[in-house]
Participant: 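Dropping the structure in here first, questions after.
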Amino acid sequence: MVPPLRPARRASPGPPQPLLLGLLLLLLQLCRGLRAEDSSAMEEIATEKEAEESHRQDSVSLLTFILLLTLTILTIWLFKHRRVRFLHETGLAMIYGLIVGVILRYGIPATSGHDKSLSCSQEDRPFSTLLVNVSGKFFEYTLKGEISPGKINNVEQNDMLRKVTFDPEVFFNILLPPIIFHAGYSLKKRHFFRNLGSILAYAFLGTAVSCFIIGNLMYGVVKLMKLVGQLSDKFYYTDCLLFGAIISATDPVTVLAIFNELHADVDLYALLFGESVLNDAVAIVLSSSIVAYQPTGLNTHAFDAAAFFKSVGVFLGIFSGSFAMGAVTGVVTALVTKFTKLHCFPLLETALFFLMSWSTFLLAEACGFTGVVAVLFCGITQAHYTYNNLSVESRSRTKQLFEVLHFLAENFIFSYMGLALFTFQKHIFSPIFIIGAFIAIFLGRAAHIYPLSFFLNLGRRHKIGWNFQHMMMFSGLRGAMAFALAIRDTATYSHQMMFSTTLLIVFFTVWIIGGGTTPMLSWLNIRVGVDPDQDPPPSNDSFQVLQGDGPDAARGNRTKQESAWIFRLWYSFDHNYLKPILTHSGPPLTTTLPAWCGLLARCLTSPQVYENQEQLRDEDSDFILNDGELTLTYGDSTITANGSSGSHTATTSLEGRRTKSSSEEALERDLGMGDHEVSSRGTRLVFPLEDNA
């Protein structure tokens with residue numbers, strides 16, 4: 001029997017299940033959103049705190065260097081006040097840098113934890129920039145350098161040490177330009193060109209000889225290290241040559257400062273200063289050429305004649321291109337300052353001069369040349385041409401501006417050297433390599449100075465004495481340029497060892513050799529108390545023709561004897577044509593150019609030349625003659641060395657002896673003690689005539 005069906009019980013009314021689920025999901029999303037917002041807000045707060053902390057640490061690191069420079073300046077004043085010469089200002093800066101480096105290294109605890117290392121074993125090369133996806137957010141990382149496997153767990157985590165470690169490009173693009181430009185802008189041209197041939201020989205031939213001798217000796221040292229098991233990674237022959245080029249860059253800043261303070265012999269000062277100025281330029285181009293040496297074939301570090309000559313071509317191309325770029329920039333600045341009225345606004349004039357000079361370095365680097373060479377010759381060109389167009393205020397401002405920048409940049413670099421001894425994380429000190437480097441530097445400097453001096457003395461009337469040679473040998477200090485070249489690339493094992501060794505060499509030469517400069521001057525009997533800006537003393541004769549070959553003429557003709565014949569030809573062309581075109585000084589072009597160029601001559605000649613009856617005195621033209629005809633002009637009366645004009649006559653023998661006529665004696669009595677002008681086809685010279693009254 002089938003039971004009767006019961007009526008179904010109706011369910012109580014309530015919310016449908018899909019709606020309930022939707023509400024739950026909405027609540028979950030709201031909770032997640034709130035959590036995400038809270039997390040994002042916390043991340044933003046943390047990021048802001050990190051940025052604020054980073055900004056604070058940046059300020060502290062810069063403040064550290066400013067305090068170092070301040071302390072150095074105060075100590076320099078104390079040393080100058082007490083007449084202390086055993087330690088130069090650069091040595092002081094290095095000592096203070098060492099002290100701060102020790103404090104930062106061992107006195108400040110680590111402030112961040114160890115980072116997690118990620119494996120990218122499938123890649124065969126490191127990336128310069130890396131994008132990392134972290135929870136949907138992309139972060140950019142840049143390459144800092146290689147870390148050896150043995151030091152992977154010893155990476156310094158002190159943020160302060162990271163902050164005080166500067167990018168090497170800071171040294172090249174910011175600190176080096178004012179140092180190099182000041183060297184060219186403050187060049188004493190008369191003494192420089194008096195010894196031009198010797199300076200070029202020391203700078204070019206000497207630096208090349210030193211580079212190859214040091215490189216080959218260090219290659220032998222590397223082979224010895226490999227035999228005794230002291231070499232843990234690759235060290236090629238090209239690396240040794242690169243070290244030779246780096247360490248051949250001399251910087252006798254300590255010696256030159258003492259020379260300047262004691263007024264040492266001007267010729268010795270010119271030889272050392274000129275060599276160091278050009279030597280830096282040659283060393284940096286040499287290093288670029290060695291890096292460009294790439295032999296073909298499997299062994300990329302073997303000798304290849306084609307690659308060698310290619311490197312020589314790279315050297316010549318880089319040097320000549322950098323030279324041309326620096327000179328052209330200086331000429332452009334000279335033309336701008338001549339044909340505009342910028343001299344009415346000294347502030348604008350100084351600012352333009354500063355920017356044009358600094359841009360030379362960056363322009364050369366951007367074009368693939370060497371900024372050091374470009375800015376050096378830009379400084380020489382600016383001093384020779386542009387300086388004459390500047391207003392009196394701008395002349396003083398530019399001299400003082402670059403002098404201050406040079407002082408601060410140089411001391412900053414030396415302070416950083418002391419700091420880097422403890423803050424740099426990739427030092428590799430090898431006793432065998434360090435001792436071998438000192439021996440190689442000594443032998444390279446000796447092979448540089450003594451043989452070249454011997455051959456130079458064969459053609460010099462004023463010989464480079466043994467005491468000068470010993471002093472130049474002693475003055476081969478290493479400094480800012482060697483340090484900047486070494487720190488520019490520390491990615492490999494060999495370059496890290498080269499940098500550490502270079503740092504020790506700079507310390508030793510600045511402290512030990514620089515401190516012994518004053519005793520060495522006394523021991524070598526080198527005369528002091530000579531004003532570097534002083535012209536050679538005049539002869540006892542009241543009027544002396546510098547063309548003579550006799551003993552009296554030889555004493556008065558010092559500059560002409562020491563100046564190369566090519567420089568005398570250049571001087572004539574420069575004084576008669578380039579100076580009038582680029583500056584407000586020199587003879588009018590209407591008197592030096594042919595008659596058919598009259599219109600062009602009038603357009604290019606400055607109005608000041610016509611307005612000034614007395615031509616501006618060319619400071620580097622004294623005691624240099626190009627022609628055999630000398631003319632002494634007074635009013636409408638003329639005295640010539642070969643004959644007479646008017647009613648006055650003076651004759652001069654080839655030996656420099658002078659026979660006076662009665663009319664000339666009367667003229668000399670009328671002239672008195674003033675300075676009188678001797679002209680030689682546009683070349684002005686000033687001779688003091690002795691008072692015979």
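Residue numbers start at 1 and run along the sequence shown. These values consider heavy atoms only, across backbone and side chains, with no hydrogens, waters or symmetry-generated copies.
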Participant: Once you round to the nearest 0.5 Å, how far does NZ of Lys426 lie from OG1 of Thr490?
Facilitator: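 Answer rounded to 0.5 Å: 5.0 Å.
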Participant: Which atom names give the shortest non-hydrogen contact between Ala447 and Val209, and what distance separates them?
Facilitator: O-CG1, 4.1 Å
Participant: Answer with yes or no after comparing the ring centroid distance for His427 and Phe424 against a 6.0 Å cut-off, counting only values under it.
Facilitator: yes
Participant: Please check if the distance between the ring centroids of Tyr185 and Phe353 is under 6.0 Å.
Facilitator: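 Yes: the rings meet the under 6.0 Å criterion.
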Participant: Distance-only, no hydrogens or angles: does the Asp251 side chain make a donor-acceptor pair with backbone N or O of Ala480 under 3.5 Å?
Facilitator: yes
Participant: Kindly compute the distance separating NZ (Lys223) from SG (Cys240), expressed to the nearest 0.5 Å.
Facilitator: 9.5 Å
Participant: Under a 3.5 Å distance rule, please check whether Ser276 uses its side chain to pair with a backbone N or O of Phe273 as donor and acceptor.
Facilitator: yes
Participant: Has Thr517 got a side-chain atom pairing as donor or acceptor with Gly514's backbone, closer than 3.5 angstrom?
Facilitator: yes
Participant: Return the orientation label for the Phe181 and Phe402 ring planes: parallel under 30°, perpendicular over 60°, tilted otherwise.
Facilitator: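 Phe181 vs Phe402 ring planes: tilted.
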Participant: Hey, can you tell me if Phe499 and Phe483 have their rings parallel, tilted or perpendicular (30° and 60° cut-offs)?
Facilitator: tilted
Participant: Ignoring hydrogens and geometry beyond distance, is a side-chain donor-acceptor pair present between Ser357 and Gln382 at under 3.5 Å?
Facilitator: yes
Participant: Output yes when a side-chain donor or acceptor of Trp511 lies under 3.5 Å from a complementary backbone atom of Gly91, and no otherwise.
Facilitator: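 Looks like yes, one N/O pair under 3.5 Å.
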Participant: Give, for atom CD1 of Ile258 and atom CE of Met520, the distance between the pair rounded to the nearest 0.5 Å.
Facilitator: 11.5 Å
Participant: So does Phe442 have more than 12 non-hydrogen atoms from other groups sitting under 6.0 Å from CZ?
Facilitator: no
Participant: What about the rings of Phe171 and Tyr416, do their centers lie closer together than 6.0 Å?
Facilitator: yes
Participant: Report the C-alpha separation of Tyr237 and Asn216 in whole Å, then their side-chain angles, then the decisive distance to 0.1 Å, and conclude whether the side chain to side chain donor-acceptor pair (under 3.5 Å) test is met.
Facilitator: CA-CA 8 Å; Tyr237 177 68; Asn216 284 279; 3.0 Å; yes
Participant: I need the Leu408 CG to Asn411 CG distance, nearest 0.5 Å.
Facilitator: 7.5 Å
Participant: What heavy-atom pair brings Ala93 and Thr72 nearest, and what distance separates the two atoms?
Facilitator: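 For Ala93 versus Thr72, the nearest heavy atoms are CA-OG1, 3.9 Å.
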Participant: A side-chain contact here means heavy atoms from C-beta on lying under 4.5 Å apart; do Leu231 and Phe433 qualify?
Facilitator: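 Of all side-chain heavy-atom pairs linking Phe433 with Leu231, none is under 4.5 Å.
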Participant: Say you draw a straight line from SG of Cys211 to CG of Leu286; how long is it, rounded to the nearest 0.5 Å?
Facilitator: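 Here the rounded value is 5.0 Å.
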Participant: Determine whether the aromatic ring centres of residues Phe243 and Tyr219 are separated by less than 6.0 angstrom.
Facilitator: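 Ring centres of Phe243 and Tyr219 not closer than 6.0 Å.
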Participant: Please walk me through it: do His495 and Met498 pass side chain to side chain contact (heavy atoms under 4.5 Å, CB included)?
Facilitator: CA-CA 5 Å; His495 288 193; Met498 287 156 50; 4.0 Å; yes
Participant: Surrounding CD of Glu169 (heavy atoms of other residues, nucleotides or ligands, distance under 6.0 Å), is the total greater than 12?
Facilitator: yes
Participant: Describe, in one word, how the ring planes of Phe377 and Phe323 are oriented to each other, choosing from parallel (under 30°), tilted (30 to 60°) and perpendicular (over 60°).
Facilitator: perpendicular
Participant: State, to 0.1 Å, how close Met325 and Ala364 come at their nearest heavy-atom pair, and which atoms those are.
Facilitator: SD-CA, 3.4 Å
Participant: Would you indicate whether the side-chain heavy atoms of Phe507 and Leu503 approach each other to under 4.5 Å?
Facilitator: yes
Participant: Is a side-chain donor or acceptor of Ser500 paired with a backbone partner of Met497 at a separation under 3.5 angstrom?
Facilitator: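 No; judged by distance alone, with no hydrogens or angles, the pair does not exist.
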Participant: Answer yes or no: is there a side-chain heavy-atom contact under 4.5 Å between Ile434 and Phe429?
Facilitator: yes
Participant: Between atom CG of Leu443 and atom OG of Ser210, what is the distance when rounded to the nearest 0.5 Å?
Facilitator: 10.0 Å
Participant: Side chains of Ser475 and Met471: does their closest heavy-atom pair fall under 4.5 Å?
Facilitator: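 Result yes, sub-4.5 Å side-chain heavy-atom pair found.
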Participant: Answer yes or no: is there a donor N or O on one side and an acceptor on the other, between the side chain of Gln425 and the main chain of Thr423, under 3.5 Å?
Facilitator: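 Confirmed, Gln425 side chain pairs with Thr423 backbone.
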Participant: Provide the closest heavy-atom pair for Arg478 versus Ala249 in the form atom of the first, atom of the second, distance.
Facilitator: CG-O, 3.8 Å
Participant: Quick one: which of Ile247, Val291, Asp489, Leu485 gives a side-chain contact (heavy atoms from CB on, under 4.5 Å) with Leu242?
Facilitator: Val291
Participant: A side-chain contact here means heavy atoms from C-beta on lying under 4.5 Å apart; do Met417 and Leu421 qualify?
Facilitator: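 They are not in contact (no side-chain heavy atoms under 4.5 Å apart), so the answer is no.
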Participant: Between Ser322 (side chain only) and Thr370 (backbone N and O only), is there a donor and an acceptor less than 3.5 Å apart?
Facilitator: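 Yes.
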Participant: Examine Lys226 relative to Phe235 and say whether NZ or CZ is less than 6.0 Å from the centre of the six-membered ring and inside a 45° cone about the ring axis.
Facilitator: no
Participant: In sequence, state the C-alpha distance, the side-chain angles, and the governing distance for Leu405 and His182, and then conclude on side chain to side chain contact (heavy atoms under 4.5 Å, CB included).
Facilitator: CA-CA 9 Å; Leu405 290 177; His182 178 263; over 6 Å; no
Participant: Evaluate the side-chain proximity of Met218 to Asp239: yes if any heavy-atom separation is below 4.5 Å, no if none is.
Facilitator: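 No; the side chains remain at least 4.5 Å from each other.
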Participant: Hey, are the side chains of Phe79 and Glu89 touching, using non-hydrogen atoms and a 4.5 Å cut-off?
Facilitator: no
Participant: Regarding Arg445 and Glu275, does a basic nitrogen lie under 4.0 Å from an acidic carboxylate oxygen?
Facilitator: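 Looking at Glu275 together with Arg445, the answer is yes, because their closest N to O distance falls below 4.0 Å.
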Participant: If I compare all heavy atoms of Gly326 with all of Thr360, which pair ends up nearest, and what's the gap?
Facilitator: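 Reported closest heavy-atom pair: CA-CG2, 3.8 Å.
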Participant: Among Phe414, Phe412, Tyr96, find the one that has a ring-ring contact (aromatic ring centres under 6.0 Å, His included) with Phe65.
Facilitator: Phe412
Participant: Do side-chain atoms of Asp233 reach the backbone of Tyr493 as a donor and acceptor pair under 3.5 angstrom?
Facilitator: no
Participant: Indicate the ring-plane relationship of Phe422 and Tyr106, choosing parallel, tilted or perpendicular according to the 30° and 60° boundaries.
Facilitator: perpendicular
Participant: Counting C-beta onward and ignoring hydrogens, is there a side-chain heavy-atom pair between Leu67 and Val100 closer than 4.5 Å?
Facilitator: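 Answer no - side chains too far apart.
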Participant: Set out, in order, the CA-CA distance, both residues' side-chain angles and the distance that settles side chain to side chain contact (heavy atoms under 4.5 Å, CB included) for Phe259 and Leu521, then state yes or no.
Facilitator: CA-CA 9 Å; Phe259 279 13; Leu521 284 172; 3.5 Å; yes
Participant: List the atom of Val372, the atom of Phe361, and the distance in Å for their closest heavy-atom pair.
Facilitator: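 For Val372 and Phe361, the tightest heavy-atom pair comes out as N-CE1, 3.6 Å.
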